[in-house]
Amino acid sequence: MRYDHTEIELRWQEIWDSKNVFQAEVDHTKPKFYCLEMFPYPSGNMHMGHVRNYSIGDAMARFQRMMGKNVLYPMGYDSFGMPAENAAKKEQGHPEDVTARNISSIKSDQRRMGYSYDWGRQFATSDVGYYKWNQSMFLDFHDKGLVERRSAPVNWCVDCDTVLANEQVKNNRCWRCGLEVVQRDMSQWFLRMTEYSDELLESLDEIVFPENVKSMQRNWIGRSIGAEIRFPVENSDEEIACFTTRPDTIFGVTFLTLSPEHKLCPILCGGSDWEHGWIELRDECAKLSEFERINLLKEKKGVFLGRYALNPMNGERIPIYAGNFVVAGYGTGAVMAVPGHDERDFEFAKKYGLEIRTVLQNDSDECEVVEPKSAFTGYGSMIGSSKPGLDGLVGEEAKSAVISLLEREGSGVGTTQYRLRDWLLSRQRFWGTPIPMIHCESCGTVPVPREDLPVTLPLDLTFTEDQGGNPLASHEKFCKVKCPECGNEARRETDTMDTFYDSSWYFMRFCDADNSELPFSRKSVDYWMEGGVDLYIGGIEHAVMHLLYARFFTKATRDMEMNSVGEPFGRLVCQGMLNAPAPYCSSCNAEYHVDFESQPCPSCGDTLGTRSAKMSKSLGNTVSPGEMVEKYGADTVRLFILFGANPEAGMEWSDTAIDSNHRHLVSIIDAFEASLSMKKSEGEIDDWLLAKGRINMDRWIASMENVSLREGVMISHFEMLSDWQWYIRRGGDDRDSALSYMSMWAQMIAPVTPHIAEELWMKIGGHDMLSTKELNPTGAKLNDKTLVAEENYLKSVIDTSRNLLTLAQKHSDSPLQNMVIQTAASWAQELAFEAVSLSRQDFNFHEHGMDHIKSHTLFTSSENKGQVMQMWSTITRGSKKKRGKIQTWSDEEKALVSIPDKEIHILENNRQFIATSLGINQVEVYEAGSGEDVGGKAGFALPLEPGLAFI
RNA sequence: GCAGGGGUACCCGAGCGGUCAAAGGGGCCGGACUUAAGCUCCGGUGGCAAGGCCUUCGUGGGUUCAAAUCCCACCCCCUGCACCA
């Protein structure tokens with residue numbers, strides 16, 4: 001068949017479309033399956049990373065539909081955000097137009113791939129119909145006390161002209177533009193996500209996320225359980241509060257360290273000789289950005305503040321230092337230093353000659369170490385405590401004993417610290433959801449009344465490059481408003497929401513996309529989201545940001561009784577990187593743009609090699625999906641991308657591989673064509689073909705259910721073809737059997753290569769469309785595995801023969817033309833049968849095997865007892881290097897061994913085939929002992945491993 | 001430094017106690033078909049060898065009758081977090 005992929009693909013896409021086959025409705029008679037890909041930002045054309053993401057999702061959506069699930073598989077666009085705003089400035093237009101254009105472009109690329117989305121549910125977050133619910137839910141959060149406006153030092157990106165959430169700052173740089181972030185004090189809107197810290201952390205244990213994502217989230221939430229201990233300052237009313245995770249080391253505190261910015265520093269050393277040193281340290285730290293402070297300050301530095309504190313447990317007088325390594329923003333900004341049991345404190349103490357005291361017994365140290373070389377940071381029994389009942393306690397027990405003592409004496413309290421901060425929501429940008437608040441001089445900050453929602457973005461604006469700041473702030477019509485409480489002139493809030501807010505609930509909106517009364521009905525969300533989205537696919541880059549916000553949002557809306565879900569994503573799959581070759585200089589360890597290919601290294605002049613690197617615009621090693629689809633068709637691209645690697649693994653782009661995958665599809669088409677021209681001519685191999693088909697289908701279903709798409713494709717697109725080829729080779733030519741095989745096969749290739757599957761299904765006379773057809777797998781039949789085992793036996797005899805033939809030929813002057821196969825002697829077969837029967841009764845061959853055979857008639861009546869003994873041993877016990885056959889035979893092989901003369905029948909029936917396969921003239925088969933022992937090969941004959949001789 | 005994931009034949013990639021010289025694909029080599037193939041099919045792809053043996057799964061040890069697979073140490077790569085108390 002001429003494979004006109006474009007014609008076939010467009011035709012089927014139109015049919016699916018016109019029949020609305022992917023539309024999903026709530027249906028309680030079927031199990032649901034919610035398949036979702038991470039919300040795309042519409043930036044123009046679809047790239048290969050998208051193709052990978054959606055091909056995985058579509059294959060799974062189609063597969064689950066086939067398995068009888070009610071599948072929700074929607075698509076929409078996360079369309080607010082800076083790039084559209086910047087593009088609008090460039091072209092002196094409005095982000096709305098840029099966005100509309102980009103959406104239409106990516107959508108048409110997606111349609112060309114044949115993804116089975118329910119387009120009826122499509123929306124974009126910049127639609128008023130969507131973002132008005134952002135505002136309404138913001139007011140709900142506000143009512144629940146989860147919204148807070150407060151002045152706080154925030155991360156400001158000068159380039160993006162806006163603040164950033166903590167999660168959006170990487171290495172002190174803006175996640176979007178990479179510019180270094182500066183700190184500013186501003187009044188900002190926050191969502192109190194920290195209310196949910198514990199739940200966000202603890203429910204991680206129950207969801208199926210990849211380990212690295214869980215670990216990143218745990219890390220980000222950063223819960224440490226410990227105690228806050230207050231150290232009174234000597235000769236003062238001040239107290240220094242320190243957070244520690246190791247209250248069990250309280251008796252080892254030999255000094256305190258404050259962060260240089262700590263508010264007590266000037267109070268403690270002000271006017272003293274020590275003040276100067278502190279000011280110097282403080283200024284030095286202030287000069288450095290946080291990034292430099294982390295990376296450049298390898299050396300711990302500190303100054304004595306001239307004062308002492310008292311250990312509340314034992315009253316000891318301990319010096320107070322300021323140290324450059326103490327972070328002001330974590331815990332209390334002060335550390336109780338235990339150099340004996342903390343590496344960092346140890347280093348500091350060594351440097352400044354402070355006392356190092358051991359208060360925990362290190363069990364691995366036999367003798368008392370006088371001068372410890374390092375801190376012992378593990379758990380050990382408390383020693384040397386001045387309070388009764390503590391010595392001897394270990395670990396958690398010791399910690400809680402110290403905490404209760406502190407609490408009883410009023411000098412400390414058990415507490416928990418988190419690294420997670422509240423979600424800084426406001427952005428000083430135009431293209432986002434306006435925060436529905438009004439600032440009134442007399443009433444303060446007043447929420448927009450619900451009946452006045454939505455607060456819409458003005459469209460009568462032209463963006464220009466030289467514009468600074470947020471155009472909303474200078475849009476008088478937008479800003480001017482009457483205060484809803486007092487009716488006086490007031491101003492609207494001009495900050496818009498972080499776009500991560502938009503993507504924190506879109507998956508619930510998809511459940512009920514047309515609802516004009518509510519963001520989503522509880523009923524719809526509870527149906528589709530029960531147990532979470534069943535399969536959520538996207539990139540690892542959202543491990544903390546989007547995935548954490550969405551989890552928070554789902555829990556918060558649950559607590560507002562908008563749903564009963566709790567966790568949004570049941571199973572998360574993070575697709576791996578897509579790599580492609582890029583020029584690489586091994587001496588500079590640097591990758592270069594593809595323009596440098598086959599040129600000398602631009603920095604050292606060496607010859608450039610190539611190395612695989614993440615596909616990126618900056619390296620220019622990208623591949624355009626559009627071009628590939630045009631050249632090979634969507635089905636080939638999908639096949640390549642899914643066969644190239646399992647979803648979570650990284651994968652390499654390869655021009656030769658995609659080409660070969662295309663040829664492979666053509667071979668599949670050829671196979672289907674061949675089946676159509678077959679006659680009615682049933683034979684044994686037909687049973688084998690259908691058995692193999694059924695077994696393959698079972699394996700395929702298991703792989704697909706597990707999202708092991710690569711394994712699935714291997715079976716559906718590769719093994720099914722090679723089994724078909726074997727069938728042809730074995731003389732298979734029966735139309736009915738072939739069509740039944742093809743009908744299984746067409747269904748199996750449908751999730752990954754849906755267009756060609758529909759086409760082939762139609763060609764073989766299938767009814768309905770595969771896209772709407774349920775699979776109804778029959779499952780492998782009882783006898784199927786045995787049929788396959790018989791054929792495998794034949795294959796293995798041929799394989800062994802082929803190897804031996806080449807060897808034997810080297811020892812022969814004339815071409816070897818004939819072969820003699822001697823199957824194991826009947827007594828050996830009987831021994832095997834005996835062993836198989838015994839093994840089914842869990843007979844212990846090691847203990848009783850020898851006694852058993854010695855008293856057996858096969859042995860006692862044998863003329864060659866040595867041979868019998870040796871055979872028995874080979875079958876049941878094996879040698880040092882090889883286990884007994886009884887251990888290695890599969891159940892099916894054991895079944896074969898148990899049928900008398902089975903081997904000889906298989907071989908007899910296929911003498912001609914064996915001869916042809918080996919390229920020889922004649923094959924003779926008999927049981928060892930019943931004919932001439934040609935080449936002395938009878939001795940090699942074991943059950944299932946006949947003796948082979950060539951003459 | 002901490003945490004998570006890795007290191008398998010020319011390349012990609014499965015396997016995760018015995019059936020493993022290690023699936024599958026790519027590449028390469030040989031054969032068949034063909035006027036001819038860049039198409040398709042069959043076979044080969046560590047070494048020696050009439051079916052056996054030797055050497056191999058990052059490196060070095062160990063457990064076991066048996067290790068790519070389990071344990072320990074080390075080296076290297078990726079990802080995230082980071083003087084977090």
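Chain letters run A, B, ... following the sequence lines, proteins first and then strands; every chain starts at 1. Predicted model only: the values in this text are computed from it and were never measured.
- Between R218(A) and D205(A) there is a salt bridge, since a side-chain N of the basic residue sits under 4.0 Å from a carboxylate O of the acidic one.
- At the heavy-atom level, T888(A) lies under 4.0 Å from base atoms of the strands shown.
- For F325(A), the side-chain atoms get nearest to C83(B) when compared with the rest of G51(B), C83(B), G18(B).
- Counting any heavy atom pair closer than 4.0 Å across all strands shown, P247(A) reaches no nucleic acid atom.
- Between Y727(A) and W724(A), the ring planes lie tilted relative to each other; the angle falls in the 30° to 60° range.
- Distance, N646(A) CG to G24(B) C1': 12 Å, rounded to whole Å.
- Nucleotide C2(B) holds its C1' atom 14 Å from the CG atom of D342(A), rounded to whole Å.
- Along RNA chain B, the nucleotide nearest L804(A) and the nucleotide nearest Q887(A) are compared for position; the residue whose nucleotide lies closer to the 5' end is Q887(A).
- Taking the side chain of E211(A) as heavy atoms from C-beta on, and the options U79(B), G5(B), G25(B), the nearest nucleotide is G5(B).
- The gap from the P atom of A22(B) to that of U45(B) amounts to 9 Å, rounded to the nearest Å.
- Comparing G46(B) with U8(B), their C1' atoms are spaced 14 Å from each other, to the whole Å.
- For the residue pair E924(A)/N818(A), the side-chain donor-acceptor check at 3.5 Å is not satisfied.
- Distances were taken from every side-chain heavy atom of R663(A) (C-beta onward) to each of G5(B), C39(B), C83(B); the shortest belongs to C39(B).
- The residue F643(A) sits close only to the backbone: its heavy atoms come under 4.0 Å of sugar-phosphate atoms, none of a base.
- Shown here is K785(A), whose NZ atom has no more than 12 heavy atoms of other residues, nucleotides or ligands within 6.0 Å.
- Using Watson-Crick or G-U wobble geometry with both donor-acceptor distances under 3.5 Å, A23(B) finds no partner in any strand shown.
- Between R729(A) and G43(B), a side-chain N or O to OP1/OP2 separation shorter than 4.0 Å is present.
- Following rounding to the nearest Å, M216(A) (CE) and G5(B) (P) show an atom-to-atom distance of 11 Å.
- Within the shown strands, nothing qualifies as a pairing partner of U69(B) under the Watson-Crick or G-U definition with both distances less than 3.5 Å.
- Under the Watson-Crick or G-U wobble criterion, with both distances below 3.5 Å, C48(B) is paired with G52(B).
- Among the atoms of the strands shown, none is found under 4.0 Å from any heavy atom of R218(A).
- Comparing R802(A) and S890(A) against RNA chain B, the residue whose closest nucleotide sits nearer the 5' end is S890(A).
- Taking only side-chain atoms of L807(A), from C-beta outward, the nucleotide of A3(B), C84(B), A50(B) with the closest atom is A50(B).
- Distance check on atom P: C75(B) versus A68(B) gives 24 Å, rounded to whole Å.
- The side chain of S667(A) lies closest to C41(B) when the candidates are C41(B), C83(B), G24(B).
- When distances are taken from the side chain of H811(A) to each of A50(B), G5(B), G80(B), the shortest belongs to A50(B).
- Nucleotides C72(B) and A82(B) place their C1' atoms 28 Å apart, quoted to the nearest Å.
- Counting only heavy atoms from C-beta on, K810(A) has its side chain closest to A49(B) among A49(B), G25(B), C84(B).
- Residue contacts shown for F243(A) include a base, since a base heavy atom lies under 4.0 Å away.
- Distance from the side chain of A949(A) is smallest for A50(B) among the nucleotides G24(B), A50(B), C84(B).
- Heavy atoms of other residues, nucleotides or ligands lying less than 6.0 angstrom from CD of Q870(A) number 12 at most.
- No contact: I728(A) has no heavy atom under 4.0 Å from any strand.
- Look at U40(B): its Watson-Crick or wobble partner, with both distances under 3.5 angstrom, is A32(B).
- Separating the P atom of C70(B) from that of C16(B) is a span of 10 Å, rounded to the nearest Å.
- Comparing C84(B), A50(B), U40(B) by their closest approach to the side chain of K937(A) singles out A50(B).
- When both pairing distances are held under 3.5 Å, C16(B) makes no Watson-Crick or G-U pair with any nucleotide shown.
- The aromatic rings of H5(A) and Y3(A) sit perpendicular to each other, their planes meeting at more than 60°, with 30° as the lower class boundary.
- Counting non-hydrogen atoms under 4.0 angstrom, A657(A) reaches nothing in the nucleic acid.
- The aromatic rings of F643(A) and F718(A) sit parallel, their planes meeting at an angle under 30°, below the 60° perpendicular limit.
- Rounded to a whole angstrom, the distance from the C1' atom of U19(B) to that of G30(B) is 30 Å.
- Phosphate contact (OP1/OP2 of A85(B), side-chain N/O of S224(A), threshold under 4.0 Å): present.
- Spacing of P atoms, C11(B) relative to U59(B), comes out at 14 Å, to the nearest Å.
- Atom CZ in F255(A) sits about 12 Å away from atom C1' in A85(B), given to the nearest Å.
- Among the protein residues, Q725(A) comes within range of the sugar-phosphate backbone only, with heavy atoms under 4.0 Å from sugar or phosphate atoms but none that close to a base.
- Of the C1' atoms belonging to A21(B) and U69(B), the separation is 16 Å, rounded to the nearest Å.
- Between I669(A) atom CD1 and C39(B) atom P the separation is 16 Å, expressed in whole Å.
- Following rounding to the nearest Å, L420(A) (CG) and A82(B) (P) show an atom-to-atom distance of 13 Å.
- If you take CD of E648(A) and P of G4(B), they are 17 Å apart, rounded to a whole angstrom.
- Residue-environment remark: NZ (K631(A)) stays at or below the threshold of 12 foreign heavy atoms within 6.0 Å.
- Residue N219(A) is in base contact, counting any heavy-atom pair closer than 4.0 Å across all strands shown.
- Side-chain atoms of H717(A) and T753(A) form a donor-acceptor pair, as typed in the model, at a separation below 3.5 Å.
- When distances are taken from the side chain of T800(A) to each of G51(B), G13(B), G27(B), the shortest belongs to G51(B).
- For A3(B), the paired base is U79(B) (Watson-Crick or G-U wobble, both distances below 3.5 Å).
- If you check every strand for non-hydrogen atoms under 4.0 Å, M714(A) touches a base.
- Using a 5.5 Å limit on the distance between ring centres and a 30° limit on the angle between planes, the aromatic ring of F940(A) counts as stacked on the six-membered base ring of G51(B).
- Here G226(A) lies out of heavy-atom contact (under 4.0 Å) with every strand.
- Rounding to whole angstrom units, CD of residue E892(A) and P of U19(B) are separated by 18 Å.
- For the atom pair N792(A) CG and D799(A) CG, the distance stands at 10.0 Å (nearest 0.5 Å).
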